[in-house]
Amino acid sequence: MTKRTLAALGLVFLTATGASAQQASDTVAPERATGLAVAKVVTAKTHMVAAAHPLAAAAGEKILADGGSAIDAMIAVQTVLGLVEPQSSGLGGGAFLVYYDAGTKRITTLDGRETAPMEATPKLFLDETGQPLKFFDAVVGGRSVGTPGTVMLMQEAHNRWGRKDWKSLFAPAETLARDGFAVSPRLATLIATEGDKLKAFEATSTYFFGADGAPLKAGTLLKNPAYAETLSTIAAGGAPAFYTGPIADAIVDTVRMSGKNAGVLSLADLANYRVEERRPVCIDYRALEVCGMGPPSSGAVAIGQMLGMLENFDLKALGKDNPESWRLIGDAQRLAFADRERYLADTDFVPIPVKGLLDKTYLGERAKLLDGDKALGNDAVTSGKPEWDHAFNFGRGAAIELPSTSHFVIVDKDGNVVSMTTTIENGFGSRLMTGGFLLNNELTDFSFKTHDDGMPVANRVEPGKRPRSSMSPTIVMKDGKPLLAIGSPGGSQIIGYVAQALIAHIDWGMDVGEIVAMPHLINRFGPYDLEAGTGAEKLAEPLKALGYEVKMGEMNSGLHAIALSADGLKGAADPRREGVAVGK
Ligand code: GLY
């Protein structure tokens, strides 16, 4: 296909309001309310952590400074996040780990995704008349809770790559849970805006609200002795102490006795939970290799499809301020989402044409759909016909994925790299709490409807199956060495956040501070979502002129990135959240 080299408009749309790219690297993240979007670039020589809360990043950094491995630090970061950012991830949820081992020079991906209980059926989220439930009617309560995977993921990763004593890695979170931590402004705001849903269950309500029923305020010293006890039990007994015994009993009781929306999770589901090693999904893009998490995540396949289509166009020449770049990116993303909706699910249950979906010839054909000069009409955005290893077809599913989740990256002194996205799904998950941690609502990542046009939906609920995810922990490789580790929370917008950051870094030469902060433009289903209060707004009229419906709104990514080079490490945290990068 002919490479496109349309002239850039020459207008500066996408630098932060009032701050040049150079200033961005040197400036501490300002308050979001100013409308600025810049991130401090932190440099380090030996090791680094970038995570969504300063206490989590500090805990991980200390483990690294004390000679721990990236995996050791991961356990400290995850257990502290589960305390100080409990709404996003924790022991009651699941996670995907993309890990680069500097010794073997290999990338391994571990799937710690939740599983549907063995008593669940495809009709889990249908009402008595066979209609899909409303989202929050499905979320709040035990019905949405899948078997948690994060603790087993920590154990499996530590068995393979841990250096420090398992027990010691729980100490930072346990100490904070016993001594207390200051409720952050973001957590306080989220509690206050949650109100009734968080008050539905006594343990949750007691933890997040004062004796007078008022939501906890920012700065309140919050202690969580139940979480400290849970951590102490896991520290002493390993993952088996979570998946069997009193903690497992309490999880099951909480799920099964949660009122009208009670779930069907059992002790057997917990006892039988396994982490799966999956083949990393890697795609070549402009002489680099972009690697991430395959099914049950749709992340790396969708990002790989976008990049595979966009490689046929000269985005570098077009530039980041050119509406034509965003037409191509937006419509490539819509085409990837059309395939995702039909084909992506847990490969242990449904055959998925991963190879066919990422085949460069197939993507070249799909890219030809972008050859026009206007937005694709909705009728033109349908799933394609990738090559199958064997014949099969599916209906289009419908899963609702709202922003949630956390992402962190870690590099240790030996050059091992962790890129991990971790979640309890919706903010505060199922709103059920036991043992000082929240239980996930990950099962609502399944399609609520079971069939489409008479065909089964690939991502329908099935017992033991893992719901499709959008989580996209990514490591970019150059000449066999890691160049960039990145990922984000954000529900199904994760795919767009990460893809945009990759294009910004690779095609537009933007540094880590710029790529985590740049204004977002995302198109999954037709309407173009533009981040309100940022330079993205200036593209609204040009995109409308190309035929898009444009929607302005908050786009709360939480990108964390570390760039690796012979000179050292550069890390940055998304200024939209409370994270930091720290290193030495
Ligand atoms: N629950 C968020 C995701 O897995 O994409």
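We count residues from 1, following the sequence as given. Side chains included, hydrogens not; waters and symmetry mates left out as well; all remaining heavy atoms used. Note that ligands are numbered from 1 as they come in the structure, with each ligand's atoms numbered from 1 the same way.
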Applying side chain to side chain donor-acceptor pair (under 3.5 Å) as the test, list every pair that has at least one member in residues 250-260; sequence neighbours left out. Glu119-Arg256
Is there at least one pair of N or O atoms, one from Thr405 and one from ligand 1, spaced under 3.5 Å apart? no
For Arg160, does the CZ atom have more than 12 heavy-atom neighbours from other residues, nucleotides or ligands under 6.0 Å away? yes
Going by the salt bridge (charged side-chain N to carboxylate O under 4.0 Å, His left out) test, name the single residue among Arg524, Arg334, Lys551 that passes it with Asp529. Arg524
Heavy-atom gap Arg468 to ligand 1 smaller than 4.0 Å: no
Proximity of Phe125 and Phe446 rings by center, below 6.0 Å: no
Options Ser470, Ser297, Pro489, Gly490, ranked by nearest heavy atom to atom 5 (O) of ligand 1, top entry: Ser470
Closer than 4.0 Å to some heavy atom of Glu442 - which atoms of ligand 1 meet that? 1 (N), 2 (C), 4 (O)
What part of Arg113, side chain from CB on, backbone N/CA/C/O, both or neither, has a heavy atom under 4.0 Å from ligand 1? side chain
With sequence neighbours excluded, tell me which residues meet salt bridge (charged side-chain N to carboxylate O under 4.0 Å, His left out) with Glu442. Arg113
